[in-house]
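Below you'll find the structure I mean.
This structure is a prediction, so every number in the text was calculated from the model and none was measured.
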Amino acid sequence: MNQSSERSLNFIEQIIEEDIRNNKNESRVHTRFPPEPNGYLHIGHAKSICLNFGLGKKYNGLTNLRFDDTNPTKEEEEYVKSIMNDIRWLGFDWEDRLYYASDYFNHLYEWALKLIRNDKAYVDDQTVEDIRRQRGTPTRPGLESPYRSRSVDENLDLFQRMKNGEFPDGTRVLRAKIDMSSPNMHMRDPVMYRILHASHHRTGDTWCIYPMYDWAHGQSDYLEGITHSICTLEFEIHRPLYDWFLDQLVKEGEYRPRQIEFARLNLSYTVMSKRKLLELVKEGIVDGWNDPRMPTISGLRRRGYTPESIRSFADRVGVAKRDNVIDVALLEYSVREDLNKKSDRRLAVLDPLKVTLTNYPEDREEKLDAINNPEDDSKGKRQIPFSREIYIERNDFMEDPPRKFFRLGPGREVRLKYAYIIKCEEVIKDPATGQVVELKCTYDPETKSGMTRSDKKVKGTLHWVSAKHARDIEVRLYDRLFMQEDPNDVEEGKDFKYSLNPDSLKITTGKAEPALLEARPGDKVQFERTGYFCVDSKYTTSERIVFNRTVPLRDSWAKISNSTHKKK
RNA sequence: UGCCCGAUGGUGUAAUUGGCAACACGUCUGACUCUGGAUCAGAAGAGUCCAGGUUCGAACCCUGGUCGGGCAACCA
C-alpha cells in the first residue's frame with residue numbers, strides 16, 4: 001500500500017501490463033502528449049501530462065511531445081512556447097523527441113494517395129452544407145455522395161490538383177470511403193483533407209491542403225512508434241476510425257499503436273474548456289492566461305503552486321473512465337502539504353490595527369529570534385525587530401468576544417509570537433465612526449519567549465509587526481472565480497459567467513517584517529497564521545513588492561464562527 | 001428513441017480478477033502546540049443504481065431495466 005509498486009493499478013496500467021505480458025509491440029511502452037498549440041495548458045492537461053510521462057517512466061519507456069498542429073487557422077507559435085515551458089516546469093522531459101504533426105504532412109499525403117489507389121478514399125466536390133446534410137443523424141443513416149464512385153485516376157488527379165492549389169478553399173475535400181450507414185457518425189466517409197490557403201506556423205505556405213485530426217493523429221502515432229495512445233473520453237467514438245486508418249497501412253501482426261481513453265479532469269468551481277478560458281481572457285475578466293485565478297498551469301504557477309504539488313494532485317485524483325468532479329479542496333490540500341514543508345515563515349499583518357504597549361519604553365528596540373521553518377531545522381533563524389508600537393491583525397481583536405474566541409479582547413491576555421504576553425487595557429475608537437482605531441496594552445517583561453515565565457498559559461498567540469520597522473506590501477487575496485460548483489449549470493439564456501465571483505480578487509496593503517522585503521519574484525513564504533503567499537512575477541517592481549495568496553491556512557476558527565453565523 | 005461509454009461513503013479512486021468493501025480528501029471528536037497551522041490518536045459515513053439469474057459465495061459473471069455522459073466542424 002505504501003510502495004508504488006504494490007499500489008493497485010489503474011485501468012490503463014492494467015492494459016499496459018497485459019500488453020507487456022503478451023509481448024505486444026515487443027513489450028515496448030511509448031506514449032505521447034499531443035497538445036494542439038491553440039491555447040495555454042491547464043490543470044486538466046497537467047493530469048494528462050503526468051499520466052503520459054508517468055507511464056513512460058514507470059514502464060521504462062519513452063514519452064514524446066507532439067504538437068497536433070493540423071489547423072493553421074487556430075494555432076500559433078506563442079502557444080507552442082508556453083506549452084513547452086509549462087511541461088518542463090511541471091518536471092517532465094521529452095528529451096530529443098519533440099515532434100509536430102506538420103512534420104508528417106508529406107508522409108500523410110503519400111499515404112492518402114495510397115488509399116485513393118486502393119479505392120479507399122475519394123475527392124468530393126460538394127459544399128460543406130451538402131456534406132453535412134448527407135451525413136444523416138445519429139438515428140438516421142447518411143446518403144452516399146454523388147462523387148463517391150469516381151475513378152481512381154480522377155481522384156488521383158483531383159487530389160493532386162487540390163494539393164497544387166488549383167481550387168479555392170472549401171470547394172473540395174478528400175474523404176475516406178467507409179460506410180455512410182454506419183451507426184457511428186465518424187465512420188460515414190469522414191473528411192481526411194480540406195483545402196485551406198492559410199499560412200502554417202511551421203510549414204508556411206507550402207501546403208494548401210491540411211489533414212484532419214483523425215487522419216493525422218493515428219498515423220503520427222504510428223510514425224513515432226507510439227504503443228499506447230492515451231486520450232480523453234470524447235475520442236472514444238473515434239477509435240473505430242483510428243483503427244480503420246491503421247488497417248489500411250499496417251499488416252496483421254505488425255507493430256501498431258492502440259488508443260485508450262480516460263475521463264478528463266473537472267474541478268469544482270472552475271471551468272476547464274480552452275474556449276471558455278479564452279473568453280475570460282479576451283473579455284478582460286481575468287488578467288491574462290496566467291491570472292492567478294485561472295486553472296491554467298501558468299496561472300497556478302503565478303499563484304504559487306509548485307510542480308510537486310500539482311504532480312501529487314494528479315496522483316491523488318486517479319485515472320478512470322467515469323465522469324468526475326474533483327473538489328478544489330484536494331488541489332489546495334496538495335499545495336499546503338508541499339508548502340508546509342518547504343516555505344519559510346514570516347510575520348505579516350494584512351489588515352493592521354495599531355497597538356501601543358504603554359509600559360514599554362518609548363525608544364527601546366529589541367531584536368527577537370524567530371524560527372524560519374518549524375518543519376525544517378536546517379532553515380535556521382532570523383531576527384525580527386520589536387518596539388513600543390506594533391500592528392496586529394484587526395480580526396484578532398473583538399470588543400465583545402464569544403467564549404471560543406482565543407484572541408484579544410478588553411482585559412484579555414495573548415502572546416505575541418516570539419515576543420511577550422500582552423494585556424488589552426483600553427480600546428480607542430474613532431468618535432465619528434465608532435471604529436476601533438487603536439489598542440492600549442501593557443506587556444509583561446517577564447514573559448519574553450525563552451524567559452522563565454514564558455511558559456505562562458494564554459488563550460492564543462498572535463502574529464504582529466513592529467510599526468516603526470514595518471514595510472508596506474501589496475497583498476492580493478484570491479478566491480474562487482466562480483461561486484457555483486458547476487459554473488456551466490445555468491438556466492437557458494445564461495452562460496458560465498453568470499456565477500462569476502465579484503470578490504475573487506481583493507487587493508490590500510499590509511505591514512510586513514523587514515525580512516520579507518528580501519523575497520524575489522516567485523519566492524514562496526508562509527505568512528504565519530494567515531496562509532501561503534508568493535511574490536508576484538508580473539507586478540512586483542523594485543519599489544513595490546506584491547504578494548499573491550496561494551492558499552489560506554486551514555482555519556478552524558473560521559469554521560466555528562461561520563457555523564454559528566449560519567445558525568443565526 | 002441509433003451507436004459508444006459509465007454507475008462503489010459528501011468527493012475521488014481501490015478491492016490483484018468470484019471470497020463477503022479499502023485508501024485519500026472532506027466532516028466530526030480528542031491530544032499536543034508560542035501558527036486555532038502542522039503533527040498524533042480516534043469516530044461517523046457506502047453494503048456497491050434497480051430487478052432478476054448463475055454460484056457454497058457476486059461490487060466483479062449473465063439478462064432486462066433506470067440514470068448520467070458522449071457522438072451529426074472542411075475543430076482537436
Side-chain angles (χ1 to χ4, degrees), chain A residues 1 6-10 14 34-36 38 68-71 73-75 101 124 127-128 131-133 135-142 169-175 182-188 190-196 209-210 212-214 216-217 231 233-240 261 263 268 274 315-327 329-334 336-337 340-341 345 347 371 374-375 404-407 414-419 421 447 449-450 454-455 458-463 526-532 552-560:
Chain A
M1 200 60 67
E6 290 176 18
R7 227 168 57 185
S8 57
L9 306 174
N10 66 49
Q14 289 180 18
E36 184 190 11
N38 70 340
D68 224 330
D69 56 352
T70 55
N71 186 355
T73 63
K74 287 189 179 171
E75 296 148 5
D124 196 332
T127 62
V128 201
I131 292 176
R132 188 174 306 152
R133 213 170 305 123
R135 189 152 6 239
T137 70
T139 56
R140 235 181 294 277
D169 288 3
T171 51
R172 269 173 247 258
V173 291
L174 183 72
R175 290 228 255 171
S182 169
N184 182 342
M185 301 287 297
H186 295 276
M187 299 298 272
R188 321 242 262 226
V191 173
M192 293 171 67
Y193 276 96
R194 73 282 214 189
I195 301 173
L196 233 43
I209 56 170
Y210 289 93
M212 301 293 291
Y213 166 84
D214 289 297
H217 200 89
C231 61
L233 245 31
E234 66 269 29
F235 293 101
E236 201 160 29
I237 196 99
H238 294 239
R239 193 171 58 221
E261 314 83 12
S268 60
K274 279 194 214 170
D315 232 46
R316 259 183 273 260
V317 301
V319 180
K321 292 192 74 164
R322 73 184 88 128
D323 292 325
N324 61 81
V325 181
I326 307 292
D327 194 336
L330 189 63
L331 219 209
E332 296 181 340
Y333 170 82
S334 302
R336 286 198 192 101
E337 178 193 50
N340 176 49
K341 292 181 299 191
R345 316 286 128 124
L347 299 187
I371 294 164
E375 307 285 324
K404 284 184 171 174
F405 186 80
F406 301 152
R407 308 176 187 180
V414 291
R415 167 169 292 285
L416 296 178
K417 178 99 182 174
Y418 299 128
I421 290 174
T447 59
S449 293
S454 69
D455 57 347
V458 285
K459 314 175 211 308
T461 301
L462 308 187
H463 62 283
Q526 184 198 98
F527 288 180
E528 211 134 349
R529 299 213 310 135
T530 307
Y532 295 98
L553 250 31
R554 283 188 68 212
D555 186 349
S556 37
W557 164 243
K559 230 175 264 173
I560 296 166

Rounded distance (nearest 0.5 Å) linking atom CZ of A/R194 with atom CG of A/N71:
5.0 Å
Which residues pass the side-chain hydrogen bond (donor to acceptor under 3.5 Å, both in side chains) test with A/R135, not counting sequence neighbours?
none
How does RNA chain B look in dot-bracket form if you count Watson-Crick and G-U pairs under 3.5 Å, write [ ] for pairs that cross, and put | where a base pairs with another strand?
.((((((..((((.....[..)))).(((((.......))))).....(((((..]....))))))))))).....
Measure from OH on A/Y532 to P on B/rU35 and round the result to the nearest Å.
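Taking OH of A/Y532 and P of B/rU35, I get 13 Å after rounding.
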Please name all residues satisfying ring pair (Phe, Tyr, Trp, His ring centres under 6.0 Å) with A/Y532, sequence neighbours left out, ordered by chain then number.
none
Establish whether the base of B/rG36 is bridged to the side chain of A/R407 by a donor-acceptor pair shorter than 3.5 Å.
yes
Listed by chain and number, what are the side-chain hydrogen bond (donor to acceptor under 3.5 Å, both in side chains) partners of A/E75, not counting sequence neighbours?
none
For A/K404, answer base if it contacts any base atom (sugar-phosphate contacts may also be present), sugar-phosphate if it contacts only those atoms, and nothing otherwise; contact means non-hydrogen atoms under 4.0 Å.
base
Heavy-atom closest contact (A/T461 atom, A/L416 atom, distance):
CG2-C, 4.5 Å
For A/F405, which residues count as a ring pair (Phe, Tyr, Trp, His ring centres under 6.0 Å) partner, sequence neighbours excluded?
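Partners of A/F405 by the ring pair (Phe, Tyr, Trp, His ring centres under 6.0 Å) criterion, ordered by chain and then number, come out as A/W557.
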For A/T171, all residues meeting side-chain hydrogen bond (donor to acceptor under 3.5 Å, both in side chains), sequence neighbours excluded
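Result, side-chain hydrogen bond (donor to acceptor under 3.5 Å, both in side chains) vs A/T171: none returned.
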In short, A/G136 meets A/R188 closest at the heavy-atom pair C-NH2, 3.7 Å
Short heteroatom pairs, N/O only, protein and nucleotides 13-20 of chain B, under 3.5 Å:
| unit_1 | atom_1 | unit_2 | atom_2 | d |
| --- | --- | --- | --- | --- |
| B/rU13 | OP2 | A/R322 | NH1 | 3.0 |
| B/rA14 | OP1 | A/V319 | O | 3.1 |
| B/rA14 | O2' | A/S8 | OG | 2.8 |
| B/rU17 | O4 | A/Q14 | OE1 | 3.2 |

Which part of the nucleic acid, if any, lies within reach of A/P141 when heavy atoms closer than 4.0 Å are counted: base, sugar-phosphate only, or nothing?
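The answer is nothing, as A/P141 stays clear of every strand by at least 4.0 Å.
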The criterion is side-chain hydrogen bond (donor to acceptor under 3.5 Å, both in side chains); which residues satisfy it with A/E332, sequence neighbours excluded?
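Residues passing side-chain hydrogen bond (donor to acceptor under 3.5 Å, both in side chains) with A/E332: none at all.
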If a protein heavy atom is under 4.0 Å from the base, mark B; if only from the sugar-phosphate, S; if neither, -; do that for nucleotides 71-76 of chain B going 5' to 3'.
SBSBBB
Closest-nucleotide ordering on RNA chain B, the 5'-leading residue of A/W557 and A/E236
A/E236
Side-chain ion pair, A/K74 and A/E36, N-O less than 4.0 Å:
no
Options B/rC4, B/rG2, B/rA38, nucleotide nearest the side-chain atoms of A/T139
B/rG2
Listed partners of A/H186 passing ring pair (Phe, Tyr, Trp, His ring centres under 6.0 Å), at least two apart
A/H238
Is A/E375 salt-bridged to A/R345, cutoff N-O under 4.0 Å?
no
Regarding A/L553, tell me which of base, sugar-phosphate or nothing describes its non-hydrogen contacts under 4.0 Å with the strands shown.
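Here A/L553 touches the bases of the nucleic acid.
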Which residues share a ring pair (Phe, Tyr, Trp, His ring centres under 6.0 Å) with A/H463, sequence neighbours left out:
none
Scan nucleotides 39-44 of chain B against the protein and return all N/O pairs shorter than 3.5 Å with their distances rounded to 0.1 Å.
none

